[in-house]
Amino acid sequence: QAMNLNAHKDWVTQCCFSPDGHRIVSVSRDKTARIWDSHIGLKLYTYQGHLDWLTDCSVAYDNEFMVTSSGDCTLKLWDIRPNN
């Protein structure tokens with residue numbers, strides 16, 4: 001059975017699992033990246049800072065950092081460790 005993960009206000013342009021499989025990252029034309037608990041579908045965190053829509057995302061092998069790319073011609077490296 002599929003879970004619906006609803007929070008973005010515009011198209012989701014990319015998504016990926018964290019290497020440990022516990023989280024999902026989604027990026028959107030709404031200029032946000034969101035991290036979800038992959039087991040229950042709960043939105044955990046929202047990241048903002050790009051000036052244009054997000055095009056891609058990836059989570060580092062150690063599950064501590066995420067990179068996002070945007071139509072504003074930038075990459076952002078985010079610290080996604082809990083409590084940071």
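Keep in mind that what you see is a predicted model, and the values were worked out from it rather than measured.
Distance check, rounded to the nearest 0.5 Å: OG of S58 to CD of Q14 gives 9.5 Å. Atoms CH2 and CE, on W78 and M66 in that order, are 6.5 Å from each other to the nearest 0.5 Å. In this structure, CH2 in W53 is found 8.5 Å from CH2 in W11, a value given to the nearest 0.5 Å. Rounding to the nearest 0.5 angstrom, the gap separating the NZ atom in K43 from the NE2 atom in H8 is 9.0 Å. Going from atom CZ of R23 over to atom SG of C16 covers 10.5 Å, rounded to the nearest 0.5 Å.
Hydrophobic clustering (ILVMFWY, side-chain heavy atoms < 4.5 Å, transitive): V59 and L42 are in one cluster. F17 and I80 are members of different hydrophobic clusters when ILVMFWY side chains are connected at heavy-atom separations under 4.5 Å. The hydrophobic cluster containing I35 does not contain I24, counting ILVMFWY residues as joined when their side-chain heavy atoms lie under 4.5 angstrom apart, directly or transitively. Connection of Y47 to V25 is established within a shared hydrophobic cluster, with ILVMFWY side chains joined at heavy-atom distances below 4.5 Å, either directly or through further cluster members.
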Between D30 and R34, is the salt bridge (charged side-chain N to carboxylate O under 4.0 Å, His left out) condition met? List the steps. CA-CA 11 Å; D30 68 7; R34 299 182 191 267; 3.7 Å; yes
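For the pair N4 (side chain) and N6 (backbone), a donor-acceptor distance under 3.5 Å is absent.
Looking only at atom types and distance, the side chain of S69 has a donor-acceptor partner in the side chain of T55 under 3.5 Å away.
The two atoms that bring H50 and L75 nearest to each other are CE1-C, 4.2 Å, heavy atoms only.
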